[in-house]
Amino acid sequence: MKKVVVLGSTGSLGIQALEILKKHTDKFQVIGLSAHKNKALLKKQSKQFKIFKTATTPNAINALAKLKDADLVLNLISGLAGLAPSFAALKAKKTLLLANKETVVAEGFKLKKYLKQIVPLDSEHSAIFEILRAHPKQKIEKIYLPCSGGPLWNFTEKQLRKVTLAQVLNHPKWKMGKKISVESATLINKGFEIIEAHHLFNVPIANIIPFYHP
């Protein structure tokens, strides 16, 4: 039985994670949850999973990330707020299931000694991780990162000059938060993913190739 802490449990990823964990109570026990603003949902989740350890402040979240009883820490926090909890979990020798890309983008050079503790959850990097796990003796030559292009991929330069916020947020494939939707539409998210792949898999930037695949 693995004991799990879920950081960012009230966001869309957190809600999905708890749905999966609920289906596998024979393998996982949720022992801690954190949220930022949605305290009402956090209270509901803690009651549902019979959890007494919750956190909403930075210091409390960091403490939760290194909880003595925890085996796995899911970091689903959005933005730089997820940085400190990631390192708190890693330094406490926890297995970190990481969806917070800012940890890798901002401080990836510090992760080298912790890579064996990290399981990436971002879809592209999770796929690469699974391939490498299936073929541990293979060396990566190149990584190809598919890119949907977001809602603006076929816009002309003239159209882009008049683009509206509503258009930027209207992703054709996914319903996401505003921050990630803007990063997707401007393709900065793909830039982040290249940096992530570089640090997580020790591959030169020049060998990580993004391509449009709407």
More than 12 heavy atoms of other groups within 6.0 Å of F52 CZ: no

Shortest non-hydrogen separation from I208 to H198 and the atoms involved: CD1-N, 3.5 Å

Main-chain N/O of E193 paired with H125 side-chain donor or acceptor, under 3.5 Å: yes

4.5 Å side-chain heavy-atom contact, Q29 and I31: yes

G8 to L76 - nearest heavy-atom pair and separation: O-CB, 4.1 Å

Over all atoms of both residues, closest heavy-atom pair of Y144 and F211: CB-CE2, 3.7 Å

Approximate separation, where rounding is to 0.5 Å, of K94 NZ and L74 CG: 13.5 Å

Rounded distance [0.5 Å steps], CD1 in I15 versus CG in L41: 5.5 Å

Pairs satisfying side-chain hydrogen bond (donor to acceptor under 3.5 Å, both in side chains), at least one member in residues 112-121, at least two apart: none

For the student: nearest non-hydrogen atoms of P85 and A65, plus distance: O-CB, 3.4 Å

Main-chain N/O of S12 paired with Q16 side-chain donor or acceptor, under 3.5 Å: yes

Residues, nucleotides or ligands: over 12 heavy atoms within 6.0 Å of H36 NE2: no

Which atom of L42 lies closest to which atom of A55, heavy atoms considered: CD2-O, 4.0 Å

Any residue meeting side chain to side chain contact (heavy atoms under 4.5 Å, CB included) with K53, in chain and number order, not counting sequence neighbours: L64, L67

Distance-minimising heavy-atom pair for M176 and S184: CE-CB, 4.1 Å

Salt bridge (charged side-chain N to carboxylate O under 4.0 Å, His left out) between E19 and K22, worked out: CA-CA 5 Å; E19 286 175 358; K22 193 176 180 181; over 6 Å; no

ILVMFWY cluster, L132 and V104 together (side-chain gap under 4.5 Å): yes

Stepwise side-chain contact (heavy atoms from CB on, under 4.5 Å) check, T95 with V73: CA-CA 6 Å; T95 296; V73 175; over 6 Å; no

Derivation of the side-chain contact (heavy atoms from CB on, under 4.5 Å) call for L18 and L33: CA-CA 10 Å; L18 289 180; L33 300 172; 3.9 Å; yes

L145/I209 under side-chain contact (heavy atoms from CB on, under 4.5 Å): CA gap, chis, key distance, verdict: CA-CA 6 Å; L145 288 180; I209 303 158; over 6 Å; no

Whether E107 side chain and L83 backbone form a donor-acceptor pair below 3.5 Å: no

Test log, rule side-chain contact (heavy atoms from CB on, under 4.5 Å), inputs N170 and Q167: CA-CA 5 Å; N170 186 29; Q167 288 174 311; 5.7 Å; no

Separation of K44 NZ from T10 OG1 (nearest 0.5 Å): 12.5 Å

Any donor-acceptor pair under 3.5 Å from S46 side chain to K43 backbone: yes

R133 CZ to H135 NE2 distance, which is reported to the nearest 0.5 Å: 12.0 Å

Joint cluster assignment, I205 & L115, ILVMFWY side-chain distance < 4.5 Å: yes

CG-CD1 distance between N207 and I194, expressed to the nearest 0.5 angstrom: 12.0 Å

From I61 atom CD1 to S34 atom OG, the distance as rounded to the nearest 0.5 Å: 4.0 Å

pair K173-P214: side-chain heavy atoms closer than 4.5 Å: no

Pairs flagged by side-chain hydrogen bond (donor to acceptor under 3.5 Å, both in side chains) wherever residues 71-93 is involved - sequence neighbours left out: N75-S86, S86-T103

Common cluster, L96/F87, ILVMFWY with side-chain heavy-atom separation under 4.5 Å: yes

Chi angles and distances behind the salt bridge (charged side-chain N to carboxylate O under 4.0 Å, His left out) call for E183, K179: CA-CA 6 Å; E183 290 172 350; K179 177 182 178 293; 2.8 Å; yes

From I128, D122, I195, I118, residue fulfilling side chain to side chain contact (heavy atoms under 4.5 Å, CB included) relative to L200: I118

Connected via hydrophobic side-chain network under 4.5 Å: V119 and L21: yes

Joint cluster assignment, L165 & V163, ILVMFWY side-chain distance < 4.5 Å: yes

